Peer 1: 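This structure is in structure tokens; I'll ask about it shortly.
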Amino acid sequence: MADASPRADHWAIVPAAGIGARMGTDCPKQYLPLAGTPVLTHTLERLAAHLRIAGIVLALREADPYWRALAFHCPKPLHVVTGGASRAASVLAALDWLAGREQPEMPILVHDAVRPLLHADDIERLCAEPLDEHGCLLATALTDTVKRTDAAGRVRETVPRDGLWTVQTPQRFRLHVLRAALAGALAAGSEPTDEAQAVERAGFHPRLLAGRRDNIKITVPPDLPLAECLLAAQTRSDHPTETTQT
Ligand code: C5P
């Protein structure tokens, strides 16, 4: 009988070598507690638990003092590489390690260390998309009105929001496409803020998939209490019987 369960056919890359300057804390934001558990633990455990994930490559800062103390359950292979001076360099270091071990066509998911609320449904939907050279990524359509300001903070323009999205992670690409795109961007002195930007620069047009709005990125201090509320809401809706018992 054919096996209907999905295959573990994707590697995940988690760039976690940033210092999170916008958070204003001594401890990098990926190690701050979210409902009592470090943000990075949530992120790694959600990825590692998913059936489509074969393993994880984690990019850390050199001599990261927090990593060794991190407790987490990871039933998949996990390899640590030293990240670089930028997010793109950190992801490229992980891809370089993978390139020596996996086929060039291998699908890769790159996921921010600081998006701890990634839901299994979103991983599943992203991995189920047909994968071509262009790749695909999670995003949410803009719903607020968008303004452009001048240096004094005064509105100069209302930007039509049709067709505008804010993008999330995971972002999914073939290993060789993303590796070449990031290497090309870095060699040209460009600093892509996400993987798709590097792939676009190489002439591709990644496809956006509407993701859940609770897949937030922890960036500034109010994001942590917001993430705790969203985590509680996820737990209530995913395990209604556990959370309604008194
Ligand atoms: O700074 P930002 O929030 O955009 O960082 C997004 C992700 O990229 C974080 O998970 C951060 O740790 C990672 N990063 C990295 N190497 C860097 C800078 C950021 O892995 N040099």
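Indexing begins at 1, ligand by ligand and atom by atom, following the structure's order. Source: prediction; values computed, not measured. The first residue of the sequence shown is numbered 1, and numbering continues consecutively from there.
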Peer 1: Please report which non-hydrogen protein atom sits nearest to atom 21 (N) of ligand 1, along with the residue it belongs to and the distance in Å to one decimal place.
Peer 2: Gly84 O, 2.9 Å

Peer 1: Can you tell me the protein heavy atom closest to atom 13 (C) of ligand 1 and the distance?
Peer 2: Pro15 O, 3.4 Å

Peer 1: Under 4.0 Å, counting heavy atoms only: does Arg22 come that close to any atom of ligand 1?
Peer 2: yes

Peer 1: Do the side chains of Arg172 and Glu129 get close enough for a salt bridge, i.e. N-O under 4.0 angstrom?
Peer 2: no

Peer 1: Using a heavy-atom cut-off of under 4.0 Å, does the side chain or the backbone of Ala85 touch ligand 1, or both, or neither?
Peer 2: backbone

Peer 1: Which protein non-hydrogen atom lies closest to atom 16 (N) of ligand 1, naming both residue and atom, and how far is it?
Peer 2: Ser90 OG, 2.7 Å

Peer 1: Around atom CG of Leu142, are there more than 12 heavy atoms of other residues, nucleotides or ligands at under 6.0 Å?
Peer 2: yes

Peer 1: Would you say the side chain of Arg174 lies within less than 4.5 Å of the side chain of Glu133, judging by non-hydrogen atoms?
Peer 2: yes

Peer 1: Checking a contact table here: which protein heavy atom is nearest atom 4 (O) of ligand 1, and how many Å away?
Peer 2: Lys217 NZ, 3.0 Å

Peer 1: Which of these, Ala16, Ala88, Ser86, has its nearest heavy atom closest to atom 17 (C) of ligand 1?
Peer 2: Ser86

Peer 1: Give a yes or no on whether a salt bridge exists between Asp112 and Arg87, defined as a side-chain N under 4.0 angstrom from a carboxylate O.
Peer 2: yes

Peer 1: I'd like to check whether Thr219 has a polar contact with ligand 1, where a contact means an N/O of the residue lying under 3.5 Å from an N/O of the ligand.
Peer 2: no

Peer 1: Quick test: of every protein heavy atom, which one is nearest to atom 20 (O) of ligand 1, and how far off is it to 0.1 Å?
Peer 2: Ala17 N, 2.9 Å

Peer 1: Where does Lys29 meet ligand 1, judged by heavy-atom distances below 4.0 Å: at the side chain, the backbone, both, or neither?
Peer 2: side chain

Peer 1: Looking only at protein heavy atoms, which one is nearest to atom 6 (C) of ligand 1, and how far off is it?
Peer 2: Arg87 NH1, 3.3 Å

Peer 1: Could you tell me if any non-hydrogen atom of Arg115 lies under 4.0 Å from any atom of ligand 1?
Peer 2: no

Peer 1: When you look at CD of Gln103, are more than 12 heavy atoms from neighbouring residues, nucleotides or ligands closer to it than 6.0 Å?
Peer 2: no

Peer 1: For ligand 1, which part of Ala113 has a heavy atom less than 4.0 Å away: the side chain, the backbone, both, or neither?
Peer 2: both

Peer 1: Say whether Asp112, considering both its backbone and side-chain N or O atoms, lies within less than 3.5 Å of an N or O atom on ligand 1.
Peer 2: no

Peer 1: Among protein heavy atoms, which lies nearest atom 12 (O) of ligand 1, and at what distance?
Peer 2: Gly18 N, 3.0 Å

Peer 1: Is the shortest side-chain heavy-atom distance between Arg201 and Pro192 below 4.5 Å?
Peer 2: no

Peer 1: How are the rings of His134 and Phe204 set to each other: parallel, tilted or perpendicular (split at 30° and 60°)?
Peer 2: perpendicular

Peer 1: Is the side chain of Asn215 donor-acceptor paired with the backbone N or O of Thr169 at a distance under 3.5 Å, no angle test?
Peer 2: yes

Peer 1: Does an N or O from Ala59, backbone or side chain, lie closer than 3.5 Å to an N or O of ligand 1?
Peer 2: no

Peer 1: Using salt bridge (charged side-chain N to carboxylate O under 4.0 Å, His left out) as the criterion, list what pairs up with Asp122, not counting sequence neighbours.
Peer 2: Arg125

Peer 1: Quick check on Gly83 - does any of its heavy atoms sit under 4.0 Å from an atom of ligand 1?
Peer 2: no

Peer 1: Do Ile218 and Leu32 come close enough that some side-chain heavy atom pair is under 4.5 Å?
Peer 2: no

